Amino acid sequence: MLDPSDTIAAVASPPGPGFRGLVRLTGPDAWAIALTGFSADRDPPDPSARHAECRAGWLTVDGLRPCLPATLALWPGPRTYTGQPMTEIHMVGATPLVQLVLAHCLARGARLAEPGEFTLRAFLSGRIDLTRAEAVLGVIDARTPAQLDAALRQLAGGLAGPIVALRDRLLDALAHLEANLDFVDEADVDPLGHSELAGELAGAAVEVAALADRLRSRDRPEGLPRVVLVGPPNAGKSRLFNALLGRDHALVSPRAGTTRDYLSAPCDCDGLTIELIDTAGLDDARSGIESRAQSFSADQADRADLVLDCRSPDTPPAPPIAADRPRLLIWTKSDVAPPPDPSALLATSARTGAGLAPLRSAIAKALRGDAADGDPIASTGARCRESLCHASESLQSASETLRLGGGDELVAIDLRQAVDELGKVVGAVVTDDILDRIFRRFCIGK
Ligand SMILES: Nc1nc2c(ncn2[C@@H]2O[C@H](COP(=O)(O)OP(=O)(O)OP(=O)(O)O)[C@@H](O)[C@H]2O)c(=O)[nH]1
Ligand SMILES: [Mg+2]
């Protein structure tokens, strides 16, 4: 674990040249280090001040002559982002200058911050909970307005509030239950109202389910993942589309060019619902309606989360399309002939059903892998949903035990489990594994 009593420093301005350069420090010696070699234009800052200070002046930096014009912003702890004293050194935004100032701070006792370490300290000092820590990452990494919106809502505590309130109520119930266990013979302990407790647990289970639903809709801010079948005419795309859906939806025929418009339908892949899209076959024919149909296909492929690139034993390969989209290479009609390179192509047959289950798993894996690694909001969703599912199972088990008269000790075990799972979401119970998963994904200086 990183030592939170070190003073850490990092460049906090964006990489590359810019208008302003910024080095940020936090920790017990943040003020002392930033003030070393600094002379203010007017009244020097008071190192023991209990309020924020800001001074323009000159910094004497190792390896740089003359002095560097700089502005220092200083905040005493604990009412800072990290809960510790903090400073920022602002200067002109030339990369070599910023690096020299960082080296100057490191030579005076600061340690280079690890990715996410500023936010880790904010979390450790109780300034923010885990969902907000992840939202900071979300705001930094957001690629679309919808992701930014979700990250900002999360940063404002939209998710944490209801979970904290629910957890508090369950903690009360748990305290009541445990008091009854320990002091069952004492006169001033309320006898436990089992029907009241059962009502509380049932209500909590409904609330947990509703929160899991909210997360599910937040998981994909822009709707279902779009998986698009492409390939040459007659490759068997439409028959594969029908086979994956489990019903006849698209027209299938031995005539090349059967599909003109694209078709779409929701489809289940190992528990993940996708929007599966069948498109017109691609070839070099570029006239009239074929060319219009092919431009629809290209448009669909360009907007795909995953392209299913189909090749078959009896058609020539299609011209390349949507090269920058993630894709799976599919070999169709494997009942007619096996794939030339089984390690690179996923062999399927819509006629026999061979290879369909592995294809469904490969689609789910490709999309889920993406969500867990690349989309911070989705990864918060996945982590929180896991905990909410466990909490809901424990609540159901507690109420079942209660209903069967199974003993208050057992109810208390399940209830504590539910409280702990909810705590994981808002950071009240933290395992190193969770911390590692979250903070390693930050960039340095945040
Ligand atoms: N033996 C065999 N034939 C198949 C299979 N899949 C498709 N076919 C046949 O191949 C022909 C073309 O199938 P489609 O699914 O219409 O092909 P497509 O790629 O949608 O063609 P276009 O819509 O013209 O681009 C049809 O006669 C299908 O019955 C398969 O797995 N095995
Ligand atoms: Mg077709």
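Everything numeric here is computed off the predicted structure, so don't read it as measured data. Read the numbers this way: they start at 1 and go in the same order the structure lists the ligands and their atoms.
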Is it the case that [X] and [Y] place a side-chain donor and acceptor less than 3.5 Å from each other?
| X | Y | result |
| --- | --- | --- |
| Thr26 | Tyr81 | no |
| Ser394 | Asp414 | no |
| Glu275 | Ser264 | yes |
| Ser238 | Thr259 | yes |

Tell me whether [X] is salt-bridged to [Y], with the criterion being a basic N under 4.0 Å from an acidic carboxylate O.
| X | Y | answer |
| --- | --- | --- |
| Asp305 | Arg226 | no |
| Asp309 | Arg327 | yes |
| Asp314 | Lys333 | yes |

Polar atom proximity, [X] to ligand 1 (N or O, under 3.5 Å):
| X | value |
| --- | --- |
| Leu251 | no |
| Asp278 | no |
| Pro233 | no |
| Ala256 | no |
| Thr258 | yes |
| Ala280 | no |
| Val336 | no |
| Ser238 | yes |
| Ser334 | no |

Show me which atoms of ligand 1 lie under 4.0 Å from any heavy atom of [X].
| X | answer |
| --- | --- |
| Ser349 | 31 (O) |
| Asp335 | 1 (N), 2 (C), 30 (C), 31 (O), 32 (N) |
| Gly257 | 24 (O) |
| Gly281 | 25 (O) |

(Q) For the backbone of Asp6 and the side chain of Arg111, can you confirm whether one donor and one acceptor N or O come within less than 3.5 Å of each other? (A)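 It does not hold such a pair.
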Q.
Checking the side chain of Ser361 only, and the main-chain atoms of Ala357 only, is there a donor and an acceptor separated by less than 3.5 Å?
A.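 Yes; judged by distance alone, with no hydrogens or angles, the pair exists.
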Above 12 or not: heavy atoms from other molecules or residues under 6.0 Å from [atom1] of [X]?
| X | atom1 | value |
| --- | --- | --- |
| Arg416 | CZ | no |
| Arg292 | CZ | no |
| Leu64 | CG | yes |

Q: Please confirm if an N, O or S atom belonging to Ser238, backbone or side chain, lies less than 2.8 Å from the Mg ion (ligand 2).
A: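 For Ser238, the answer is yes, given that an N, O or S atom comes within less than 2.8 Å of the Mg ion (ligand 2).
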(Q) Regarding Thr259, does it place an N, O or S atom less than 2.8 Å from the Mg ion (ligand 2)? (A)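 Of the N, O and S atoms in Thr259, at least one lies under 2.8 Å from the Mg ion (ligand 2), which means yes.
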Among all protein non-hydrogen atoms, which one is nearest to [atom], and what is the separation to 0.1 Å?
| atom | value |
| --- | --- |
| atom 10 (O) of ligand 1 | Lys333 NZ, 3.0 Å |
| atom 25 (O) of ligand 1 | Lys237 NZ, 2.8 Å |
| atom 13 (O) of ligand 1 | Gly236 CA, 3.7 Å |
| atom 23 (O) of ligand 1 | Thr259 OG1, 2.8 Å |
| atom 31 (O) of ligand 1 | Ala350 N, 2.9 Å |

Q: Using the side chain to side chain contact (heavy atoms under 4.5 Å, CB included) rule, pick out the option among Arg24, Arg121, Gln84 that qualifies with Ile8.
A: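 With Ile8 as partner, side chain to side chain contact (heavy atoms under 4.5 Å, CB included) holds for just one option, Arg121.
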Q | Heavy-atom gap Asn234 to ligand 1 smaller than 4.0 Å | A |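 It does; at least one heavy atom falls under 4.0 Å.
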**Q.** Sub-4.0 Å heavy-atom approach of Gly231 to ligand 1
**A.**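 Checking ligand 1 against Gly231, which is what was asked, there is no heavy-atom contact under 4.0 Å.
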Q | Check against side chain to side chain contact (heavy atoms under 4.5 Å, CB included), Glu421 and Leu388 | A | CA-CA 7 Å; Glu421 289 295 340; Leu388 290 179; over 6 Å; no
Q | Among Val252, Leu229, Asp314, closest by any non-hydrogen atom to atom 28 (C) of ligand 1 | A |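 Heavy atom nearest to atom 28 (C) of ligand 1 belongs to Val252.
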Q: Going by heavy-atom distance to atom 29 (O) of ligand 1, choose the closest among Arg260, Arg351, Arg239.
A: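 The option holding the nearest heavy atom is Arg239.
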Q. Given that the side chain starts at C-beta and the backbone is N, CA, C, O, which of these parts of Ser253 lies under 4.0 Å from ligand 1, counting heavy atoms, or is it both or neither?
A.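 For Ser253, only backbone atoms sit under 4.0 Å from ligand 1.
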Q: For the residue pair Phe241 and His249, categorise the inter-ring angle as parallel (less than 30°), tilted (30 to 60°) or perpendicular (more than 60°).
A: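 Aromatic pair Phe241/His249 classed parallel.
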